[in-house]
Structures are given as structure tokens and as C-alpha cells.
Amino acid sequence: TAATALLILMFAERLGFTPFTGVVTGLVFGLATSAFVYAKYLFSEPLAGFLLLLAGYMLFAYRQEGGLGHLVIGGLAAGLAVLTRANNLFLLPVFGGYLLWILLKEAGSEAAQQEVKAPGASWRMVSGLIRPMLTFGIAVALSGAILLAYNGLRSGNPLQTGYDLTLFSTNILLGLYKLLLSPLRGFFIYS
């Protein structure tokens with residue numbers, strides 16, 4: 001939680017805010033949100049939050065400065081966030097889409113600057129898209145391989161996460177019961 005507050009401070013400064021604003025924002029996060037409560041327990045939420053914010057921070061740093069190192073750290077952080085909490089898998093396309101948007105915007109501005117296209121310029125533009133996406137994807141896949149190996153060792157099936165996915169069965173009444181009334185996860189009883 002303290003590392004997340006520090007990362008919030010760094011992100012605020014990278015966004016152009018003053019150091020004072022960054023410190024206040026980090027303190028508000030650490031002292032005036034549920035992060036203060038979660039900091040006392042070994043739950044996965046504080047680590048997952050840190051890793052997701054780190055992934056976003058590194059992609060933003062790549063947008064400003066470039067450098068494949070940012071993409072490696074960002075990809076590892078996004079992948080480790082999935083390793084920490086499997087439901088973060090649904091956020092990977094968001095990070096990939098953001099990186100693709102950065103790369104397309106960068107490629108568009110480079111193409112606009114070139115008045116006369118040199119031979120092979122389009123190939124350089126395509127490779128300028130593939131290399132960063134591949135770097136980010138390999139870093140994410142490394143964490144994914146760890147998750148698959150862990151699931152395989154734990155349950156014998158690399159795709160078995162340990163979560164009950166019958167919530168999404170074809171029986172709509174059973175699914176509604178689990179979502180609304182189940183003591184394990186129901187909206188009315190559990191929450």
C-alpha cells in the first residue's frame with residue numbers, strides 16, 4: 001500500500017502536477033480510502049492494485065519517453081496482476097489496446113512528418129508496431145506461463161484456477177440465484 005501511494009505520487013508528477021499535489025494525492029489514497037484497512041492484511045487486492053497501477057504507469061512512461069524497458073516492466077506487472085488475481089485477466093486487453101493506441105498515434109505523426117516516403121518506410125512503420133507489442137506480449141506471457149504451471153502443479157489442469165465458474169452456466173435461474181442470493185457471493189446476503 002505504501003508503494004502504491006509512492007507510485008501515485010510519481011504518476012501525478014509525470015502527469016504534470018506539482019510535487020505537493022502528488023504528496024497530497026498519495027496521502028489521501030493511503031489514509032482516506034479502504035487502502036488503509038487493506039494495508040493491515042495479506043489480501044491480494046493491495047498487490048493487484050499496485051501491479052495494475054504500475055502497468056499503467058509504465059505504459060504512460062513509454063508514451064512519454066519510449067524505451068522497451070518500460071514495456072517489459074509494464075507487461076510483467078500486468079501479467080503478475082493476473083497471477084495475483086485471476087479476474088485481472090479481463091484488463092489485459094485494456095493495456096494492450098492502450099499500447100496499440102500509443103503506437104498508432106506515434107506512427108501517424110511520423111508518417112505526417114515524412115513528406116516523401118522512402119522505400120521500405122511502410123515496413124519500418126509496421127515493425128515499429130510489432131516490436132513493442134511483441135515485447136509487451138512476451139512479458140505478459142511470462143507471467144501467464146507461471147500461472148499455468150502453478151495451476152498444473154496444484155490441480156493437475158493448467159486451466160483450473162480454483163474459482164467456481166458455474167456462475168456462468170447455461171442455467172439462468174441458477175446463475176441469478178448465485179449472483180443475488182447465494183451466501184458465498186450473493187448480492188443481498190453476502191454483500
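The same ILVMFWY cluster, assembled from side-chain heavy atoms under 4.5 Å apart, contains both M58 and L103. Taken together through direct or relayed side-chain contacts under 4.5 Å among Ile, Leu, Val, Met, Phe, Trp and Tyr, Y98 and F90 form parts of separate hydrophobic clusters. There is no path of hydrophobic side-chain contacts, each under 4.5 Å, that joins L129 to V72. In terms of hydrophobic clustering, with Ile, Leu, Val, Met, Phe, Trp and Tyr side chains grouped at heavy-atom distances under 4.5 Å, L27 and I8 are assigned to a common cluster. With hydrophobic clusters built from ILVMFWY side chains whose heavy atoms lie under 4.5 angstrom apart, L54 shares a cluster with L92.
Considering only heavy atoms from C-beta on, I73 stays 4.5 Å or farther from Y62 through its side chain. Taking the side chain as every heavy atom from C-beta outward, V140 and F136 approach each other to under 4.5 Å. Using a 4.5 Å heavy-atom threshold, the side chains of I138 and L142 count as separate. Side-chain atoms of L52 and F95, non-hydrogen and from C-beta on, do get closer than 4.5 Å to each other. Side-chain atoms of L71 and L59, non-hydrogen and from C-beta on, do get closer than 4.5 Å to each other. In this structure the side chain of I102 never reaches within 4.5 angstrom of the side chain of F60, judged on heavy atoms. A 4.5 Å side-chain heavy-atom check between R63 and W101 finds at least one atom pair inside the cut-off.
The two residues S44 and T84 come nearest to each other via the heavy atoms O-CG2, 3.5 Å. L9 and V23 make their closest contact through CD1-N, 3.2 Å (heavy atoms, listed as atom of the first residue, atom of the second, distance). Taking both residues in full, the closest heavy atoms of A81 and L51 are given as N-CD1, 3.7 Å, listed atom of the first, atom of the second, then distance. Of all the heavy atoms in F36 and G30, the pair that sits closest is CB-O, 3.3 Å. The shortest non-hydrogen separation linking A55 to G74 is CB-O, 3.5 Å. Among all heavy-atom pairs drawn from T1 and A35, the shortest one is CG2-O, 3.7 Å.
Taking CD1 from I146 and CG from L80, the interatomic distance works out to 6.5 Å, rounded to the nearest 0.5 Å. Here CG of L83 is found 11.5 Å from CG of L89. Values are rounded to the nearest 0.5 Å. One distance of note links CG of L7 with CG of L53; it measures 4.0 Å at 0.5 Å rounding. Interatomic distance, CD1 of I130 versus OG1 of T135, reported as 11.5 Å (0.5 Å rounding). Expressed to the nearest 0.5 Å, how far CZ of F29 lies from OG of S34 amounts to 8.0 Å.
Every ring-ring contact (aromatic ring centres under 6.0 Å, His included) that Y57 has, sequence neighbours left out, goes to F11.
Within a 6.0 Å radius of CZ in R131, no more than 12 heavy atoms belonging to other residues, nucleotides or ligands are found.
No side-chain donor-acceptor contact under 3.5 Å links E65 to the backbone of H70. Of the possible polar contacts, one joining the N151 side chain to the P158 backbone as a donor-acceptor pair under 3.5 Å is found.
Sorted by first and then second residue, the pairs that involve residues 16-31 and meet side-chain hydrogen bond (donor to acceptor under 3.5 Å, both in side chains), not counting sequence neighbours, are T18-T21.
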